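First listed ligand is number 1; within each ligand, the first listed atom is number 1. Every heavy atom of this structure was used, including side-chain atoms; hydrogens, water molecules and symmetry mates were not. Quick caveat, the model's predicted, so the values are computed rather than measured.
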Amino acid sequence: MLYVVNNCSCFITMLSLESLLKDNGEVRQCCDIRKPTEVGRFSLDFQRRFHHDRRQMVCYIPAEARRNGTLLQLLDLNDGYKSPRFVKRDEGVKERLDHMLQWMVCNKRRFAGKSHFHDVKRQKVEQDQNIIGEPPDFVLWRGHLTKLMCTPFENRDGWSMACQKLENTVYVSEVETKAAAQRKASSTEREKLMTYWGVRFEGYMTGRFPKPPETISVRTPKEETIINTNEAFCSVFRTRVNKRHSVVYGAEVDCCKSVDVLSPPDCYVELKTSRKFTSRKQEENFYRYKCLKWWAQSYLAGIPQITCGFRDDDGFVESIRDFSTLDLPNRAMTLHNSWNPSACLTFLDNLLQAIKEIFQAVNTSKCTIILSWEPGDKCVSYELSHSPKDCFLHEWYINDMT
Ligand code: A3P
Ligand code: MG
Ligand code: MG
């Protein structure tokens, strides 16, 4: 695939969805993605400050106080909402790829080109210096990959991604679409409360190291639980998509099981909430639609377990269930008109390839490429921008990395 583009800022051209789902005219059944390896981690503290360590990692508290999945005590997800115990991150601050860039700067010596291994044994150097490998083809957030990958089955939210190239690496950072900005600005009180429910559930299911409570039935008193959405623990992963795209991406990780038994990412657990099923149809729709994003998000980070709190309409969790990430596609594929993982991966592989080819065609790294897609579009459109407002690689980053 080669896309010829004009080197001007207003040129918009298209990549057809059909072609992105195909390889040499055939719909590809399987696209290989290597199991991601964790190559680093960082934390964002209660004031959203970056720390190159694991201080924000929290541990998973098994909900032992359940009988056949049903909790012996309901979890009230409204607890702490509209109280000083809820500290909400300022979503007006656009962080773009900044924290990942900070991590890249801290780890730049671990990305070594082939020349690095010139006359020394490669393995020895890798061990001694904790070398990750050659600089990756792409650096971005896991959430961006999730959005791109789910495109073939998405019918609600569009996306827009800015891509910038520095040396041989393409950096991708999401641009908020007008629709998303409007949705956020007009979100109702109920929607805000429901968003809180998700983070409050995380508060119930996690504890601080080194001595977390053993089960959620003996948790610290509720009055002491602070929910601060500035805090995050992020793991940095590296994988290879279809043997041709090396990708490094950061992912916020909800919690971790005992590291004595399992190593990352096998010890990580993704937490979710969902409305309880009251009919078979609702359960089917969960597998047919909602769990695609759950699967993509956890699959990309190699996280094997998704633990879901099933709540009622008033925000009380009645039962907790563990899902195996790798089982979700099997369940979905038994349903008529559902999603399938190979279409997602093929689409992602082809889109990454298209981005590389666009940069080759424009033959300059002094521009930003903006890719956009809206539900119903048969094509991903892209345009070149020379506007500084679309650049997200800071001068400090460019100076440090080149
Ligand atoms: P639920 O997904 O259980 O509703 P994640 O599951 O990705 O770890 O996110 C944790 C919670 O953060 C979500 O819980 C939801 O409440 C909230 N959340 C997720 N994405 C969000 C977004 N884009 N904006 C605001 N809140 C979000
Ligand atoms: Mg999370
Ligand atoms: Mg979660």
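- Residue contact check for ligand 1: L271 places a non-hydrogen atom closer than 4.0 Å to it.
- Side-chain atoms of W159 and T151 include a donor-acceptor pair closer than 3.5 Å.
- Between the R85 side chain and the T225 main chain, a donor and an acceptor come within less than 3.5 Å of each other.
- If you number the atoms of ligand 1 from 1 as listed, the ones under 4.0 Å from a heavy atom of Q297 come out as 7 (O).
- Relative to the ring axis of Y287, R331 places its NZ or CZ within 45° and under 6.0 Å from the centre.
- Checking atom 12 (O) of ligand 1 against the protein gives a heavy-atom contact under 4.0 Å.
- Counting only protein N, O or S atoms, the number found under 2.8 Å from the Mg ion (ligand 2) is 1.
- Using modelled atom types, one finds a donor on one side chain and an acceptor on the other under 3.5 Å when comparing T278 with Q282.
- Using the six-membered ring where Trp is involved, Y268 and F233 have ring planes that are perpendicular, over 60° apart on the 30 and 60° scheme.
- When each atom of ligand 1 is checked for a heavy atom of D254 under 4.0 Å away, the hits are 8 (O).
- If you number the atoms of ligand 1 from 1 as listed, the ones under 4.0 Å from a heavy atom of K272 come out as 2 (O), 3 (O), 5 (P), 6 (O), 7 (O).
- Taking the centre and axis of the six-membered ring of Y204, the NZ or CZ atom of R200 falls inside the cone set by 45° and 6.0 Å.
- When T195, V199, T273, I306 are ranked by how near their heavy atoms come to atom 3 (O) of ligand 1, first place goes to T273.
- Residue E270 places a heavy atom under 4.0 Å from ligand 1.
- Counting protein heavy atoms under 4.0 angstrom from atom 21 (C) of ligand 1 gives zero.
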